[in-house]
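No hydrogens, no waters, no symmetry mates; every other heavy atom, side chains included, goes into these values.
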Amino acid sequence: MKATFLALGILSSGSAFAHPAQIEGVDLRPNGDSYRVSVTISHPETGWEDYADGWRVEAPDGTVLGTRVLAHPHETEQPFTRSLSGVVIPDGLTEIVIRARTLTTGWDSEPVTIPLP
């Protein structure tokens with residue numbers, strides 16, 4: 001019984017210290033019929049074990065308009081900015097939502113809403 005309790009404590013301890021990525025800024029630029037979206041993120045990364053591994057652009061109803069995958073940790077580059085081109089924003093939207101993701105916490109439940117120009 002003692003070994004089972006210890007093992008459960010070890011498994012749950014990682015999520016107790018996990019932090020969602022913070023969106024520090026968003027730059028939205030028209031590019032023809034689409035947009036180039038640049039997102040600045042900060043996250044206390046620990047290397048391959050815990051890092052911001054993506055962000056996405058959503059419509060207010062949750063429809064995903066574009067996803068930027070981040071394929072490696074950025075622990076020595078904080079905050080960092082990455083861009084995604086070709087994001088088509090449907091006519092009639094007055095705002096978009098940016099949601100970050102980390103390897104350990106998944107998609108953030110508190111995204112950032114950006115009004116459209």
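- For the pair Arg29 and Asp27, the minimum side-chain heavy-atom distance is below 4.5 Å.
- Aromatic ring pairs are classed by plane angle as parallel below 30°, tilted from 30° to 60° and perpendicular above 60°; the pair Trp48 and Tyr51 is perpendicular.
- Ile98 has its side chain within reach of Ile23: a pair of non-hydrogen atoms, C-beta onward, lies under 4.5 Å apart.
- Ionic pairing of Asp108 and Arg99 is not present here: no N-O contact between side-chain nitrogen and carboxylate oxygen is shorter than 4.0 angstrom.
- Other residues, nucleotides and ligands place no more than 12 heavy atoms under 6.0 Å from the CZ atom of Arg36.
- In this structure the side chain of Thr81 never reaches within 4.5 angstrom of the side chain of Val39, judged on heavy atoms.
- Two residues are said to be in side-chain contact when any heavy atoms from C-beta on lie closer than 4.5 Å; Phe80 and Ile41 meet this criterion.
- Heavy-atom minimum distance, Glu49 versus Leu103: O-CD2, 3.7 Å.
- The two residues Pro60 and Val97 have their closest heavy-atom pair at CA-CG2, 4.2 Å.
- Asp33 CG: 12 or fewer foreign heavy atoms inside a 6.0 Å radius.
- Scanning both residues, Thr105 and Pro20, for their nearest heavy atoms gives OG1-CA, 3.9 Å.
- Residues Ile96 and Thr113 form no side-chain contact, since every pair of their non-hydrogen atoms from C-beta on lies 4.5 Å or further apart.
- When atom types are taken as modelled, the side chain of Gln22 and the backbone of His43 share no donor-acceptor pair closer than 3.5 angstrom.
- Cation-pi check for Arg68 over Trp55 is not met; the charged atom does not lie both under 6.0 angstrom from the ring centroid and within 45 degrees of its normal.
- The two residues Pro79 and Thr40 have their closest heavy-atom pair at CB-CG2, 3.8 Å.
- Under the 4.5 Å side-chain criterion, counting only non-hydrogen atoms from C-beta, Ser38 is not in contact with Val26.
- Between Leu28 and Ile89, some side-chain heavy-atom pair lies under the 4.5 Å cut-off.
- A donor-acceptor pair under 3.5 Å is absent between the side-chain atoms of His72 and the main chain of Leu70, judged by distance alone.
- Residues Pro73 and Asp50 form no side-chain contact, since every pair of their non-hydrogen atoms from C-beta on lies 4.5 Å or further apart.
- Heavy-atom neighbours of Glu110 CD from other residues, nucleotides or ligands within 6.0 Å: at or below the threshold of 12.
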